[in-house]
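Take a look at the structure set out below.
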Amino acid sequence: MAKKAQRMTSIEKKKAVVLLSGGIDSSTTLAIAKENGFDIHAISFNYNQRHINELEAAKKIASLLGTKKHLTVKFDLREIGGSALTSGIEVPKKTSLIKNSVSQIPITYVPARNTIFLSFALGWAEVLGAADIFIGANAVDYSGYPDCRPEYLKAFEEMSNLGTKAAVEGNLKFKIHAPLINMTKAEIIRKGLALGLDYALTWSCYDPQTSQINNKIIPCGKCDSCTFRLKGFKEAGTKDPLSYK
């Protein structure tokens, strides 16, 4: 019994870096990492995105789930552009299912975003001595982004263990965890609710709107991200706690 308790203590003290956007997937992923006994270090990104209010949601989720540290890295991807989320290109509405049917990647794809995010997470993990990196990537109910696929994540994991001092010297073997990769949005939501996650604190919308009633920022309800979110809550048999336009 004492040995089992000692093992549990060891697991609880393992560090993990979790990518946290403030949306359903990343917030649920953080809750799962916590459930698995990791000492959580959350990392978010202010890249001058259109939906920058997601960072406030990330801050609330990080606080709610008791992260050891929540780091927000700032840089400007509008200097590169190429996406509706980092330029003046209009966010498409109600188009994702049509695009996916012909294997087109939507304009809301941000060039190399997950590669950039994971690289920051990897650098921090190496400094922390954390072998485990969690990302809320999903390849079921998603917009078809190439950097959310299992083969991409496997390749990044291999690169992590080839290109870091800690791995080359044998001190760490990095593992990229994507616990939601094969789950539907409804399954993700049910999992989060079972873990006590308050989805009223999360944010998904790519194109935030200002309410004409109270001037509060509200989700549009029509972009890809809103569409998948609403579909997920409906299929999970529960109501989305957010108010929409």
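Everything quoted here is computed from the prediction, not taken from an experiment.
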Measure the [atom1]-[atom2] distance between [X] and [Y] for me, rounded to the nearest 0.5 Å.
{"X": "Ile32", "Y": "Leu65", "atom1": "CD1", "atom2": "CG", "answer": "11.0 Å"}
{"X": "Leu180", "Y": "Asp25", "atom1": "CG", "atom2": "CG", "answer": "5.5 Å"}
{"X": "Leu122", "Y": "Ile176", "atom1": "CG", "atom2": "CD1", "answer": "7.0 Å"}
{"X": "Leu30", "Y": "Ser21", "atom1": "CG", "atom2": "OG", "answer": "10.5 Å"}
{"X": "Asp147", "Y": "Leu153", "atom1": "CG", "atom2": "CG", "answer": "8.5 Å"}
{"X": "Ser83", "Y": "Arg78", "atom1": "OG", "atom2": "CZ", "answer": "9.0 Å"}

Might you point out which heavy atoms bring [X] and [Y] nearest each other, and give the distance in Å?
{"X": "Val140", "Y": "Ile181", "result": "CG2-O, 3.9 Å"}
{"X": "Leu19", "Y": "Ser26", "result": "O-CB, 3.5 Å"}
{"X": "Pro219", "Y": "Cys226", "result": "CB-SG, 3.8 Å"}
{"X": "Pro208", "Y": "Asn53", "result": "CG-OD1, 3.3 Å"}
{"X": "Thr29", "Y": "Gly136", "result": "OG1-CA, 3.2 Å"}
{"X": "Ala236", "Y": "Ala186", "result": "N-CB, 3.7 Å"}

*Test side-chain contact (heavy atoms from CB on, under 4.5 Å) on Asn138 and Asn182 and set out the steps.*
CA-CA 6 Å; Asn138 176 261; Asn182 293 315; over 6 Å; no

*Apply salt bridge (charged side-chain N to carboxylate O under 4.0 Å, His left out) to the pair Glu187 and Lys191, showing each step before the final yes or no.*
CA-CA 6 Å; Glu187 290 170 336; Lys191 177 65 175 178; over 6 Å; no

*Do His51 and Trp203 make the cut of ring centroids closer than 6.0 angstrom?*
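Not under 6.0 Å, so no.
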
So do [Y] and [X] actually touch side chain to side chain, heavy atoms under 4.5 Å?
{"X": "Ile43", "Y": "Val18", "value": "no"}
{"X": "Asp224", "Y": "Pro106", "value": "yes"}
{"X": "Ser225", "Y": "Cys205", "value": "no"}
{"X": "Leu197", "Y": "Ser27", "value": "yes"}
{"X": "Tyr206", "Y": "Leu85", "value": "yes"}
{"X": "Pro92", "Y": "Ile107", "value": "yes"}
{"X": "Ile40", "Y": "Lys68", "value": "no"}
{"X": "Ile135", "Y": "Asn114", "value": "yes"}

Heavy-atom donor-acceptor pair, [X] side chain to [Y] backbone, under 3.5 Å:
{"X": "Asn48", "Y": "Thr86", "result": "no"}
{"X": "Ser143", "Y": "Tyr145", "result": "no"}
{"X": "Thr28", "Y": "Ile24", "result": "yes"}
{"X": "Arg149", "Y": "Ala139", "result": "no"}

*Walk me through it: do Leu55 and Gln49 pass the test side-chain contact (heavy atoms from CB on, under 4.5 Å)?*
CA-CA 10 Å; Leu55 294 177; Gln49 60 268 50; 4.2 Å; yes

*What pairs meet the side chain to side chain donor-acceptor pair (under 3.5 Å) rule with one or both residues in residues 154-165, with sequence neighbours excluded?*
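Applying side chain to side chain donor-acceptor pair (under 3.5 Å) to every pair that reaches into residues 154-165, excluding sequence neighbours, yields Lys165-Glu169.
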
Is there a chain of hydrophobic side chains (I, L, V, M, F, W, Y, each step under 4.5 Å between heavy atoms) that links [X] to [Y]?
{"X": "Leu71", "Y": "Phe174", "result": "yes"}
{"X": "Leu20", "Y": "Ile52", "result": "no"}
{"X": "Tyr109", "Y": "Leu118", "result": "yes"}
{"X": "Ile133", "Y": "Val73", "result": "yes"}
{"X": "Leu230", "Y": "Ile189", "result": "no"}

*Considering only NZ, NE, NH1 and NH2 on the basic side and carboxylate oxygens on the acidic side, decide whether Lys93 and Asp207 come within less than 4.0 Å.*
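Yes.
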
*Assess whether atom CD of Glu90 is packed by more than 12 heavy atoms of other residues, nucleotides or ligands within 6.0 Å.*
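Atom CD in Glu90 is not packed in, count stays at 12 or less.
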
*Contacts of type side-chain hydrogen bond (donor to acceptor under 3.5 Å, both in side chains), residue Ser204, not counting sequence neighbours*: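 With sequence neighbours excluded, Ser204 shows a side-chain hydrogen bond (donor to acceptor under 3.5 Å, both in side chains) to Arg229, given in chain and number order.
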
*Under the side chain to side chain donor-acceptor pair (under 3.5 Å) rule, what do Thr72 and Asn46 come out as? Steps first, then yes or no, please.*
CA-CA 7 Å; Thr72 299; Asn46 178 348; over 6 Å; no

_side-chain contact (heavy atoms from CB on, under 4.5 Å) for Asp39 and Thr67? Distances and angles first, verdict last._
CA-CA 7 Å; Asp39 192 3; Thr67 58; over 6 Å; no

_Residue among Lys175, Lys14, Lys15 satisfying salt bridge (charged side-chain N to carboxylate O under 4.0 Å, His left out) with Asp132_ =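 When salt bridge (charged side-chain N to carboxylate O under 4.0 Å, His left out) is applied between Asp132 and each of Lys175, Lys14, Lys15, only Lys14 qualifies.
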
*asked:* For the residue pair Tyr47 / Arg113, report whether a side-chain donor-acceptor contact shorter than 3.5 Å exists.
replied: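 Yes, Tyr47 and Arg113 have a side-chain donor paired with an acceptor closer than 3.5 Å.
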
_Whether the Tyr152 and Thr115 side chains hold a donor-acceptor pair (N or O, under 3.5 Å, no angle test) is what I'd like checked._
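Distance-only check passes for Tyr152 and Thr115.
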
_If the test is ring pair (Phe, Tyr, Trp, His ring centres under 6.0 Å), which one of Trp124, Phe45, Phe156 qualifies with Phe117?_
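Among Trp124, Phe45, Phe156, the one that satisfies the ring pair (Phe, Tyr, Trp, His ring centres under 6.0 Å) with Phe117 is Phe45.
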
*asked:* Pair Gln209, Lys216 - check side-chain contact (heavy atoms from CB on, under 4.5 Å), show working.
replied: CA-CA 8 Å; Gln209 307 288 309; Lys216 287 186 177 181; over 6 Å; no

*Could you check whether the rings of Phe75 and Phe120 sit parallel, tilted or perpendicular, using 30° and 60° as the cut-offs?*
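Geometry flag for Phe120 against Phe75: parallel rings.
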
